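Some notes on the structure that comes next.
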Amino acid sequence: MQESSEFQELKRRFRAWTFPMTVAFLAWYLLYVVLSGWARGFMGIKLLGDINVGLVFGLLQFVSTFLIAWAYARHAEKKLDPIADKLRHEVEEKTQ
């Protein structure tokens, strides 16, 4: 099964979405860490009351995590699940 073209396509689609998104998120997180450590003046700029840039960036880390999870769920539903379901049914038929 692992050598089938459908399985290879499933892996390709998974990696084509997951790897770039992982790199983008890690770059975004690293930017937050670097700015927190070396751009304290910028991160300390008050935006509204006691809310500063650092707090907004920190909260955006959570928002981006949820957005990535939502986007992956949509991607998997449309691009990965149909192939995975087909492969699962083929394997189940062969094992019965």
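If you're wondering where the values come from, they're calculated on a predicted model, not measured in any experiment. Heavy-atom basis, side chains included; hydrogens, waters and symmetry copies ignored.
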Problem - Joint hydrophobic cluster, Leu59 plus Leu47, side-chain heavy atoms closer than 4.5 Å - result: yes
Practice task
Drop me the distance from Phe25's CZ to Leu67's CG, to the nearest 0.5 angstrom.
Solution key: 11.0 Å
Practice task
Nearest 0.5 Å please: distance from the CD1 atom of Ile45 over to the CZ atom of Arg40.
Solution key: 14.5 Å
Fill in the blank from the handout: Contacts of Ala73 meeting side chain to side chain contact (heavy atoms under 4.5 Å, CB included) (sequence neighbours excluded), chain-then-number -> none
Practice task
Look at the aromatic rings of Tyr32 and Tyr29 and report parallel, tilted or perpendicular, splitting at 30° and 60°.
Solution key: tilted
Exercise for the section: Give, for atom CZ of Arg15 and atom CG of Leu10, the distance between the pair rounded to the nearest 0.5 Å. Expected result: 10.0 Å
Exercise for the section: Mind listing the closest non-hydrogen atom pair of Pro82 and Ala76 along with its distance? Expected result: CD-O, 4.3 Å
Handout entry: side chain to side chain contact (heavy atoms under 4.5 Å, CB included) partners of Glu9, counting only residues at least two apart
Key = Arg12, Arg13, Ile83
Practice task
Provide the closest heavy-atom pair for Phe7 versus Gln2 in the form atom of the first, atom of the second, distance.
Solution key: CD2-O, 3.3 Å
Completion exercise
So CG of Asp85 and CG of Leu80: to nearest 0.5 Å the spacing works out to 10.5 Å
Problem - Any side-chain heavy-atom pair of Glu90 and Glu6 under 4.5 Å - result: yes
Exercise for the section: Look at Arg88 together with Glu92 and state whether they make a salt bridge at an N to O cut-off of under 4.0 Å. Expected result: yes
Fill in the blank from the handout: What one should report as the nearest heavy-atom pair of Phe42 and Leu35 is CE2-CD1, 4.2 Å
Exercise for the section: Give, for atom CG of Leu55 and atom NZ of Lys46, the distance between the pair rounded to the nearest 0.5 Å. Expected result: 10.0 Å
Practice task
State the NZ-OH distance between Lys79 and Tyr72, to the nearest 0.5 angstrom.
Solution key: 13.5 Å
Problem - Check: Trp38 and Met43 side chains under 4.5 Å, non-hydrogen atoms - result: no
Handout entry: For Ser4 against Leu87, the heavy-atom pair lying closest together
Key = OG-CD2, 4.2 Å
